[in-house]
S.K.: 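Here it is, the structure, as structure tokens.
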Amino acid sequence: TMPAQATDILPSDGCPALRQIIVPEANDCFRSIDGILYDRNVTKIVWMPLGKTGAVELPPSVTSIGDYAFRGCTFSSFVMSNTVTEIGQAAFYGCRVEKVVLSDALKTVPSATFQQCTALEEVHLGTATELLGEYVFDGTRIKSLYVNATYPPVCGKYTFGTTDGYDICQNCTLYVTAESREAYRNH
């Protein structure tokens, strides 16, 4: 539990037992929803407890997610609200998440977004997805990739490259909308 007077906080690393953060209503700088620490206006995640488990769904007021925001977290699934337009690089790095649904408003999935997410099996890319950065899926064991964009996103040379030898192209099924099937087949 944070004190009501707290105006600044530096999230700690290596606290896998921390499952929730509680903020008194009297605090003018922070707010906690479902144990996750946000800025007072709930537009930015300040601290995701490493020990948070289960499903995580962001409130619709969140518009951006910073670099390494969920690094090392242990929640099982994550649904990003469609108000999120930007995420930082390696946002889920080393996370134990199994399923992620990205925002329909997100155009770029930056470098290393899911790098070393060894439990990741399913990813849903939104309708606005245009670009997938380098090493987005490095170190994953992804089995299902759902792409809802009408046109195939531009991929970096190493978007699907892995440094551990796992062959995503052989082990992952790509799902696209029926009306987009021909565009993806020709790409």
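Note that the structure is a prediction, hence the values are computed from the model and not measured.
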S.K.: Which pairs would a plain distance check flag for residues 49-66, meaning a side-chain donor or acceptor within less than 3.5 Å of a matching protein atom at least two apart in sequence or in another chain?
M.R.:
| residue | atom | partner | partner atom | Å |
| --- | --- | --- | --- | --- |
| Lys52 | NZ | Asp34 | O | 2.8 |
| Ser61 | OG | Val42 | O | 2.6 |

S.K.: Suppose the criterion is side chain to side chain donor-acceptor pair (under 3.5 Å): which pairs have a residue in residues 67-85, not counting sequence neighbours?
M.R.: Ser81-Thr83
S.K.: Once rounded to the nearest 0.5 Å, what's the spacing between atom CD of Glu86 and atom OG of Ser103?
M.R.: 12.0 Å
S.K.: Only distances under 3.5 Å count here; give the side-chain donor-acceptor pairs of residues 165-174 to other protein atoms, sequence neighbours excluded, each with its distance to 0.1 Å.
M.R.:
| residue | atom | partner | partner atom | Å |
| --- | --- | --- | --- | --- |
| Tyr166 | OH | Ile142 | O | 3.2 |
| Asp167 | OD1 | Cys169 | N | 3.1 |
| Asp167 | OD1 | Gln170 | N | 3.4 |
| Asn171 | ND2 | Asp167 | O | 2.8 |

S.K.: Are Leu132 and Val123 linked, directly or through other ILVMFWY residues, by side chains that come within less than 4.5 angstrom of each other?
M.R.: yes
S.K.: Considering only residues two or more places apart or on different chains, which pairs with a residue in residues 114-127 satisfy salt bridge (Lys or Arg N to Asp or Glu O under 4.0 Å)?
M.R.: Lys99-Glu122, Glu121-Lys143
S.K.: Would you mind writing out the side-chain donor-acceptor pairs for residues 105-118 within the sub-3.5 Å range, not counting sequence neighbours?
M.R.:
| residue | atom | partner | partner atom | Å |
| --- | --- | --- | --- | --- |
| Thr113 | OG1 | Pro110 | O | 2.5 |
| Gln115 | NE2 | Asp138 | OD2 | 2.7 |
| Thr118 | OG1 | Arg96 | NH1 | 2.8 |

S.K.: With hydrophobic residues grouped by side-chain heavy-atom distances under 4.5 Å, do Val154 and Leu125 end up in a single group?
M.R.: no
S.K.: State yes or no: do Phe92 and Val79 share one hydrophobic cluster built from I, L, V, M, F, W and Y residues joined by side-chain heavy-atom distances below 4.5 Å, directly or via other members?
M.R.: no
S.K.: For a side-chain contact (heavy atoms from CB on, under 4.5 Å) check, start with the C-alpha distance between Ser32 and Tyr38, then their side-chain angles and the critical distance, and finish with the verdict.
M.R.: CA-CA 6 Å; Ser32 176; Tyr38 298 90; over 6 Å; no
S.K.: Kindly give the heavy-atom pair with the smallest separation between Asp104 and Gly126, and that separation in Å.
M.R.: OD1-CA, 3.3 Å
S.K.: Please list, chain by chain and in numerical order, all residues satisfying ring-ring contact (aromatic ring centres under 6.0 Å, His included) with Tyr135, sequence neighbours excluded.
M.R.: Tyr158
S.K.: If you group Ile, Leu, Val, Met, Phe, Trp and Tyr by side-chain heavy-atom gaps below 4.5 Å, do Ile45 and Val101 land in one group?
M.R.: no
S.K.: Under the side-chain contact (heavy atoms from CB on, under 4.5 Å) test, which residues partner Ser180, sequence neighbours left out?
M.R.: Thr150, Thr177, Tyr184
S.K.: Do side-chain atoms of Asn41 reach the backbone of Thr43 as a donor and acceptor pair under 3.5 angstrom?
M.R.: no
S.K.: Would you mind listing the cluster partners of Tyr151? Hydrophobic ones only (ILVMFWY), side-chain contacts under 4.5 Å, chaining allowed.
M.R.: none
S.K.: Of all heavy-atom pairs between Pro3 and Pro24, which one has the smallest distance, and what is that distance?
M.R.: C-CG, 4.3 Å
S.K.: Only pairs at least two apart or in different chains count here, so list each salt bridge (Lys or Arg N to Asp or Glu O under 4.0 Å) that has a residue in residues 14-26.
M.R.: Glu25-Arg40
S.K.: Output all residues satisfying side-chain contact (heavy atoms from CB on, under 4.5 Å) with Asn186, sequence neighbours left out; order by chain, then residue number.
M.R.: Glu182
S.K.: Please write out which residues are connected to Val46 in a hydrophobic cluster, directly or through intermediates, given that two of Ile, Leu, Val, Met, Phe, Trp, Tyr count as joined at side-chain heavy-atom separations below 4.5 angstrom.
M.R.: Met2, Ile9, Leu18, Ile21, Val23, Phe30, Leu37, Trp47
S.K.: In the single-linkage hydrophobic clustering (I, L, V, M, F, W, Y; side-chain heavy atoms under 4.5 Å), do Ile33 and Met48 co-cluster?
M.R.: yes
S.K.: Count the heavy atoms belonging to other residues, nucleotides or ligands that lie under 6.0 Å from CZ of Arg141, then report whether that count exceeds 12.
M.R.: yes
S.K.: So, Phe70 versus Tyr93, ring centres under 6.0 angstrom or not?
M.R.: no
S.K.: Who are the ring-ring contact (aromatic ring centres under 6.0 Å, His included) partners of Tyr146, not counting sequence neighbours?
M.R.: His124, Tyr175
S.K.: Is there a side-chain contact between Ile87 and Met80, using heavy atoms and a 4.5 Å cut-off?
M.R.: yes
